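The structure presented is a predicted model; accordingly, all values stated were derived computationally and were not measured. Chain identifiers are assigned alphabetically (A, B, ...) following the order of the sequence lines, protein sequences preceding nucleic acid strands; residue numbering begins at 1 within each chain.
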There are 2 protein chains.
Amino acid sequence: MTNGKKEQNTQEFPDLLRENGLKVTSQRLRVLEEITHKNAAISQPDLEKIVGKDIDRVTLYRILSSFEEKGIVHKIFDLNGTATYAMCTSNCTENHHHDQHIHFICSVCNSVFCLDEVSLPKITLPPHFALHSLAINAVGLCANCQKED
Amino acid sequence: MTNGKKEQNTQEFPDLLRENGLKVTSQRLRVLEEITHKNAAISQPDLEKIVGKDIDRVTLYRILSSFEEKGIVHKIFDLNGTATYAMCTSNCTENHHHDQHIHFICSVCNSVFCLDEVSLPKITLPPHFALHSLAINAVGLCANCQKED
DNA sequence: TTAAGTGCAAAATCTTTGCAAATGT
DNA sequence: ACATTTGCAAAGATTTTGCACTTAA
């Protein structure tokens with residue numbers, strides 16, 4: 001189980017931004033750090049709490065949507081419909097995401113984990129439905145919350 | 001492909017409400033009609049447009065959340081994170097939903113379909129994850145939007 | 001130097017809360 | 001008659017927009 005991060009250390013963030021035609025700013029680096037910091041996807045509200053002292057709320061919105069647009073991060077909605085963000089693993093390009101992995105959402109702590117190593121099932125749809133991608137959310141108890149039962 | 005409705009005609013709505021300890025009001029009947037009317041789940045904003053003249057926005061919020069709480073409808077988030085609602089098929093009780101079917105979300109018209117007849121795949125999670133339920137969203141083109149390509 | 005990015009103010013939405021009036025049983 | 005439900009007003013939260021100032025390249 002990973003956070004989907006590309007085994008990339010902090011050093012690589014400026015390159016990541018440049019590759020995507022984005023200027024390297026302290027705010028963007030900070031957001032990248034926070035997103036990769038946790039073992040799970042991070043919600044917009046949580047991000048806001050963490051960086052809110054340093055980064056304007058509006059700027060955060062704009063940074064996150066530009067990251068998503070460029071394929072740097074992907075956006076998952078948790079059980080409450082709250083947007084959460086995780087790094088894209090690979091192959092994600094502008095307006096074309098390949099976040100084809102299962103997400104695990106803990107029903108207790110609401111954490112979102114990207115399960116890159118679990119393979120996607122084959123789904124057969126009824127006639128006249130053309131499948132482009134699958135978004136699978138497995139809901140249950142994460143390791144941490146099981147302990148506390 | 002169905003809307004998840006229990007083959008129930010309009011006549012049965014009052015019973016459905018009574019069974020769930022809810023009073024039969026014209027507003028609630030109206031919302032039930034609209035939710036079962038379409039072949040797909042309906043979003044809160046769309047519902048609001050349709051019934052907005054007759055039902056207060058706040059009342060709509062309260063009706064939808066009471067329906068969800070009682071297990072009359074279930075809530076799915078579409079690709080934009082917008083709440084959409086569809087009838088529960090069966091076995092849904094207060095605070096315990098069994099909407100264990102795949103949802104198909106059209107990336108063009110954003111419609112959400114409940115695919116009751118598609119069986120759920122088996123997913124094997126990494127150690128220390130306890131699975132409770134699967135929420136699978138298949139994204140692609142629905143029959144209508146394929147025609148218009 | 002200059003195009004892109006940021007912060008602040010303000011607008012536009014979306015969602016919740018409190019309470020008096022209306023309604024179903 | 002009485003508990004629920006509704007509508008309205010208002011508060012609170014979230015998200016977007018416009019614009020002047022700042023910053024990276």
Side-chain angles (χ1 to χ4, degrees), chain A residues 10-35 42-70 72-73 75-85 94 110, chain B residues 10-35 42-70 72-73 75-85 94 110:
Chain A
T10 299
Q11 290 294 350
E12 292 167 346
F13 290 156
D15 283 344
L16 180 62
L17 292 173
R18 275 187 285 262
E19 283 163 20
N20 285 285
L22 298 175
K23 288 190 176 173
V24 180
T25 69
S26 63
Q27 292 89 335
R28 284 176 175 155
L29 292 174
R30 181 73 195 289
V31 171
L32 286 175
E33 273 168 32
E34 295 302 339
I35 291 180
I42 187 166
S43 71
Q44 165 121 358
D46 283 355
L47 257 177
E48 211 169 294
K49 276 171 217 140
I50 296 172
V51 304
K53 277 210 155 186
D54 309 317
I55 306 179
D56 187 79
R57 175 199 286 264
V58 175
T59 302
L60 182 56
Y61 273 103
R62 292 194 265 227
I63 287 177
L64 290 172
S65 58
S66 71
F67 283 4
E68 203 205 352
E69 204 171 64
K70 298 296 187 181
I72 296 174
V73 302
K75 189 192 213 172
I76 314 118
F77 295 102
D78 71 11
L79 298 177
N80 305 311
T82 303
T84 71
Y85 295 88
E94 189 154 356
N110 211 13
Chain B
T10 300
Q11 289 293 351
E12 291 167 346
F13 290 156
D15 284 344
L16 180 61
L17 291 174
R18 276 186 284 261
E19 281 163 21
N20 285 284
L22 298 174
K23 288 190 177 173
V24 180
T25 68
S26 63
Q27 292 91 335
R28 284 177 175 153
L29 292 174
R30 181 73 194 289
V31 171
L32 286 175
E33 273 168 32
E34 295 302 340
I35 292 180
I42 187 166
S43 71
Q44 165 122 357
D46 283 355
L47 257 177
E48 211 169 293
K49 276 171 218 140
I50 295 172
V51 305
K53 278 209 155 187
D54 310 316
I55 306 179
D56 186 80
R57 175 199 288 264
V58 174
T59 303
L60 182 56
Y61 274 103
R62 292 194 267 226
I63 287 178
L64 290 172
S65 58
S66 71
F67 282 3
E68 202 205 353
E69 204 172 63
K70 298 297 187 180
I72 296 174
V73 302
K75 189 192 212 172
I76 315 118
F77 295 102
D78 71 12
L79 299 177
N80 306 312
T82 304
T84 71
Y85 294 88
E94 189 154 357
N110 211 16

> Using a cut-off of 4.0 Å on non-hydrogen atoms, how would the nucleic acid contact of B:Thr25 be classed: base, sugar-phosphate, or nothing?
Replying inline: sugar-phosphate

> Within the structure shown, what part of the strands sits under 4.0 Å from B:Val58 by heavy-atom distance: base, sugar-phosphate, or nothing?
Replying inline: base

Can you check the [X] [atom1] to [N] [atom2] distance for me, whole Å?
| X | N | atom1 | atom2 | value |
| --- | --- | --- | --- | --- |
| A:Gln27 | D:dT23 | CD | P | 9 Å |
| B:Arg28 | D:dT5 | CZ | C1' | 6 Å |
| B:Leu17 | D:dT4 | CG | C1' | 13 Å |
| B:Arg30 | D:dT6 | CZ | P | 14 Å |
| B:Ile63 | D:dT4 | CD1 | C1' | 12 Å |

> How do A:Lys23 and A:Arg62 order along DNA chain C: which one's closest nucleotide is nearer the 5' end?
Replying inline: A:Lys23

Closest heavy-atom contact between [X] and [Y]?
| X | Y | answer |
| --- | --- | --- |
| B:Ala83 | B:Pro45 | O-CD, 4.4 Å |
| B:Ser66 | B:Leu22 | OG-CD1, 4.2 Å |
| A:Ile50 | A:Ile42 | CD1-CD1, 3.9 Å |

> How far does the helix from C:dT1-D:dA25 to C:dT25-D:dA1 bend, going by the axes of its first and last five pairs, to the nearest 10°?
Replying inline: 40°

Should [X] and [Y] count as side-chain neighbours, where that means a heavy-atom distance under 4.5 Å?
| X | Y | value |
| --- | --- | --- |
| A:Ile55 | A:Leu47 | no |
| B:Leu79 | A:Phe77 | no |
| A:Glu19 | A:Lys70 | no |
| B:Ile72 | B:Leu32 | yes |

> According to the side chain to side chain donor-acceptor pair (under 3.5 Å) rule, which pairs have a member within residues 55-65 of chain A, sequence neighbours left out?
Replying inline: A:Glu48-A:Arg57

Might you list the N or O atoms of the protein lying below 3.5 Å from N or O atoms in nucleotides 12-15 of chain D, with each pair's distance?
residue	atom	partner	partner atom	Å
D:dT15	OP2	A:Tyr61	OH	2.7
D:dT15	O5'	A:Tyr61	OH	3.2

> When you measure from the side chain of A:Arg28 to the backbone N and O of A:Lys23, does any donor-acceptor pair fall under 3.5 Å?
Replying inline: yes

>> So, taking the atom named CD in B:Glu68 and the one named NZ in B:Lys75, what distance separates them when rounded to the nearest 0.5 Å?
In response: 5.0 Å

> Which two nucleotides bound the region of DNA chain C that has atoms under 4.0 Å from heavy atoms of chain A, read 5' to 3'?
Replying inline: C:dA3 to C:dA9

>> Can you list everything that forms a side chain to side chain contact (heavy atoms under 4.5 Å, CB included) with A:Asp78? Sequence neighbours excluded, please.
In response: A:Asn80, A:Thr82, A:Thr84, A:Asn110, A:Val112

> Among all residues two or more places apart in sequence or in another chain, which pass the side chain to side chain contact (heavy atoms under 4.5 Å, CB included) test with A:Asp54?
Replying inline: A:Arg30

> Can you name the residues that form a salt bridge (charged side-chain N to carboxylate O under 4.0 Å, His left out) with A:Lys49, not counting sequence neighbours?
Replying inline: A:Asp46

Where do N or O atoms of nucleotides 20-22 of chain D meet protein N or O atoms at under 3.5 Å, pair by pair?
none

